[in-house]
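Notes follow once the structure below has been shown.
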Amino acid sequence: MSCCRVGSATTWAATVGLWLLWATTAVSAPPPAETEQDPVEASTEAATADKADKTAEVRTMRSVKLPAFGVTQPWVRFTTYSEWFNQNYDGLEYNDNFVTLVNRLNVGADSRFKRWTFSTMARMDTQNIFDLGGGEGLCRGDPDGCPYGNDARVERFMLRADLRKVKFTAGDFNANLGRGLGLSVRKIDEIGVDATIKGGRFDVRTKYINVTALGGVANRQNSDFATRQLVADPGYAATRCESHPAIAQDDVGNRAWSTCSDLVTGGRLEAKLPGAVRVGAHHTYIGFGESSSTAYDEELHLVGGDIGRARIAKTWDLFVGGTSLLRNPRLRAEPDLADAAYGGFATYVSNVITLGQTTAVIEGKLYKDYLAALQPTQLQYTEAPSLERNDQAVPGNANAGGGRVRVDRLWRDLGLTVYGNIVAYMFTENIGESVYDTGAPGEDPREVATHPYAGVIWRKPHSSLSVQASGGYRYEWHLEEVNAGEGRLRRKFPHGEFYVTVPAGTAGGFRHSLGLSGNARWETKQVSGANDNRFTIGNVILGYNMAPYLSVSLIGGFSTEERAPSGEISLQQKPACPIGPNGRPINCGKPHLWPGAEVRVNFFGNSFLRFFGGRQVGGQVCVNGSCRTLPDFEGVRGEVVLGF
Amino acid sequence: METNAKQTRSCLAVVALAGALGTAGCDRSSTAVPNGDSLGIILPSIDGADVSLAATNEHEVFVLAFWATWCQPCQSELTKMQGMYDERAGKGLQLYGVSIDGPDTQSEVVSWSRREGYTFPVLLDAETEILGRYNPKGDIPFYVVLDASGNVLRSHQGYVDGDVTELGHFVDELLSRG
């Protein structure tokens, strides 16, 4: 990879072009929607009636009637990020102290005819990197492997014809078959993955059946949101076509159309039976191409079905799904490669029981070798439910079996909800192992995770005062001791969270409120040998809001997972840093205090400015078995979102 | 191969269960897509039906409130939206709670909505197709206001106390024109 994969002049031309386009649109578009000049009344409840006689003018980007396109409404959404990445505390100096300017321009139009709708959308991304020097400089000394660079590309493009019961899509689209077991390609905010399939899709919806057929290549947003590194489209497919100059303009791919990527095709047939019963069957094929470590093209089939029914006896919602995974089935006949042909499966059951204001969710999962891309940090094409909260790292979801029960009780008159939840499952972390293995020597150890937690939600009736609080205890351990004398603990921690919103009345014609939230966990983690690392991680956030224009938050983060660097406040003594070859301590550790502040200003109704300055704790985040480690952040982050 | 045999049995079990439940259905409610002046949005609801957003008259106002069970501000926003809807449902306001929960938390959408007793329809946008149409950035809470022809009149990302009051004023103004 070259550091500047697109010529600076080209990227700057694209960047300036986007700004000019935005400016032209902003000037030509009518002023965006605003309702009234006096946005807040003294009483929330009385406000709606009092406002009825206000003479608000509703204005937005108007629909226009075009001879060939019916009634057409164009739209624009423009986002600009500028970030100063000062330090990410990863121990490397060649990826710190740089500034980025990232533009994302979404434009589209919806044309409505009497019996059908035609929609278009395109998204252009540009990225400029400014090396501020210092340390080893951005990628200095490693220019070929440098993941940072200027870039400009058409990231998304879509044409859709919607004839009510039949819909055709060409370009980028998301997909979810069989509640994520059959296929799931979508934006997952928690881990910063924004992926689509670029190709074609055909949907039919009738009274009795739904049919979906799709095919294309995986398209991941190439500018990574957390690091601003340029990421190639997923899979091994670059080796298939990256050397073709007409297709791959650089190793991130073609700037106009993703081509060197995993091939994804799939289909689903769903029957709607009497009694609101839905029965579906799906098949997905993924062609990964040839990896650097294999001599064959990796491929995958996912075949399965599911059934769901809502409100059985008006109290019970049921979903049962199962999918088989067949990896490289064509290699079974190859004596030397037969080991690469193996199967897996995923079965998932969900029950929701509603008895008045009490609800229960009872779920079960059993997965074996259910991992589409063999590296869990790559784009995963399935989302087998983990049964865990979003804020929990979920190891080994590809080989796991267990269940979860959650019960909620609402007292409506009091605005009070109390809930309790327990999840427990066995898992192994390596493909090819099973939770049913014996754990005998030579087999990978089995692990167990339990996580009970409970909480309350109180929203004061007829008020905006709300309080949420929860706490729990997660415990992971090895069923068999991995190494003699190391014990069976994997990690354990009690944790607590709260989230409070307090209305603060009105003054100066604005509604004011305060927010206070916090979370912390006190973790003990086995690191090596018999040693455990005990540390505390959390955040306390104090926010002030002046609706509808301003929000300010002060963020106080803390983490004692590593030794604090010299010169930083230390909240807990930790082992000394290792000594480097020159006899001096290697620069290690992370700060224990992570202060930051964020300001958001809303304007034009649909647009806002947001600035963050300070430090933000990163860490590993896993969703549905797909994990990534988000880096720590120290610097300044600015964001402008303009919508018309 | 033993594993394959197990997989085959698992699949057969699912199919058998499908047949049994299918024939056991006794509720004759239809999942038909209603006719009308459609806005081109069809999503499954938590009640098992496909819901097509369609206006019955030209003065109706549609509000799509995008949320997820793991989004705490969204929960507060929906509670306020329920109050707004109670006062305007008979005046032409069509409110839809659109969940973008993924497979991990989709079950909780049903339990949350039933327990809270939302009287507006709760739809599932697991592919984030509809959210992406109105908010390509994809962050929530987010609402969009549409007229009876599907034109976007207003959208807003984020929720703080007072935002729904503001929305209520906007909706009142639109409805007063009818």
Side-chain angles (χ1 to χ4, degrees), chain A residues 33 35-36 39 44 47-48 51-52 56 58 60 63 73 77 79 106 117 162 164 174 176 179-180 186-187 205 207 272-277 279 305 307 309-310 317 320 322 324 343 345 350 352 354 357 359 361 383 385-386 390 408 410 459 464 466 499 503 511 513 545 547-548 605-606 624, chain B residues 3-4 7 10-11 14-15 17-18 21-22 25-29 31-33 38 40 42 46-50 70 72 76 79 87 102-104 106-108 110-111 114-115 126-129 136-138 149-156 160-163 165-166 168-170 172-174 176:
Chain A
T35 51
E36 70 286 308
T44 307
T48 51
K51 287 287 178 182
V58 179
T60 184
S63 299
Q73 187 182 37
R77 196 156 182 96
T79 306
N106 282 81
T117 304
D162 190 342
R164 309 295 182 250
N174 296 114
N176 186 305
R179 205 179 279 203
R186 66 187 183 103
K187 182 181 173 96
R205 289 193 183 90
K207 184 175 180 180
K272 304 174 201 176
L273 303 178
V277 176
V279 183
I307 181 167
R309 189 183 170 197
D317 295 71
V320 182
S324 268
F345 64 84
S350 164
V352 178
T354 307
Q357 292 170 22
T359 56
V361 176
E383 283 190 84
S386 68
N390 270 35
D408 292 64
L410 167 68
R459 287 192 292 269
S464 297
S466 71
Y499 180 88
R511 178 177 296 278
S513 62
N545 306 303
N606 303 340
N624 305 107
Chain B
T3 304
N4 289 335
Q7 290 165 13
S10 299
C11 289
V14 169
V15 171
L17 184 58
L21 273 172
C26 56
D27 180 357
R28 294 291 167 185
S29 65
T31 59
V33 176
S38 173
I42 303 175
I46 58 170
D47 293 325
D50 280 342
W70 42 263
Q72 290 158 331
S76 300
T79 301
E87 296 172 4
D104 242 2
Q106 194 168 317
S107 293
E108 290 190 24
V110 178
S111 66
R114 298 253 162 82
R115 188 174 61 251
E127 293 184 353
T128 63
E129 179 205 341
K137 198 161 172 283
S149 299
N151 293 309
V152 176
L153 302 177
R154 182 178 193 170
S155 62
H156 180 73
V160 296
D161 182 34
D163 280 352
T165 306
E166 180 85 352
H169 301 162
F170 185 78
D172 286 340
E173 167 59 22
L174 294 170
S176 68

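Residue numbers start from 1 in every chain, and the chains themselves are labelled A, B, ... in the order their sequence lines are given, proteins ahead of strands. Note that the structure is a prediction, hence the values are computed from the model and not measured.
- Residue with the most contacts toward chain B among A:Val361, A:Asp408, A:Leu410: A:Asp408 (heavy-atom pairs, distance under 4.5 Å).
- Between B:Ile46 and A:Asp317, the closest heavy-atom pair is O-OD2, 3.9 Å.
- Note that CZ of A:Arg164 and CD1 of B:Ile42 are 8.0 Å apart. Values are rounded to the nearest 0.5 Å.
- With a 4.5 Å cut-off on non-hydrogen atoms, A:Asp162 touches chain B through its side chain but not through its backbone.
- The parts of A:Arg179 that come within reach of chain B are both its backbone and its side chain, each placing non-hydrogen atoms under 4.5 angstrom from that chain.
- For A:Ala547 against B:Gly162, the heavy-atom pair with the smallest separation is CB-CA, 4.2 Å.
- From A:Arg511, atom CZ reaches atom OG1 of B:Thr165 across 4.5 Å, with rounding to the nearest 0.5 Å.
- Here the shortest heavy-atom pairing between B:Pro103 and A:Gly180 reads CG-CA, 3.6 Å.
- A donor-acceptor pair shorter than 3.5 Å can be found between the side chains of A:Ser464 and B:Asp161.
- Looking at every heavy atom in both residues, A:Gln73 comes nearest to B:Gly150 through OE1-O, 4.2 Å.
- Taking both residues in full, the closest heavy atoms of A:Ala276 and B:Asp47 are given as CB-O, 4.3 Å, listed atom of the first, atom of the second, then distance.
- At a 4.5 Å heavy-atom cutoff, the contact between B:Thr79 and chain A is made by side-chain atoms alone.
- The most heavy-atom pairs under 4.5 Å with chain A, out of B:Glu108, B:Arg115, B:Gln106, come from B:Arg115.
- From A:Lys187, atom NZ reaches atom OG1 of B:Thr128 across 8.5 Å, with rounding to the nearest 0.5 Å.
- Two residues are said to be in side-chain contact when any heavy atoms from C-beta on lie closer than 4.5 Å; A:Thr354 and B:Ser111 fail this criterion.
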Inset, instruction - May I have the step-by-step check of side chain to side chain contact (heavy atoms under 4.5 Å, CB included) for A:Asn176 and B:Glu127, ending in yes or no? - result: CA-CA 6 Å; A:Asn176 186 305; B:Glu127 293 184 353; 3.4 Å; yes
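- Across all their heavy atoms, A:Pro548 and B:Glu166 have their closest contact at CG-OE2, 4.2 Å.
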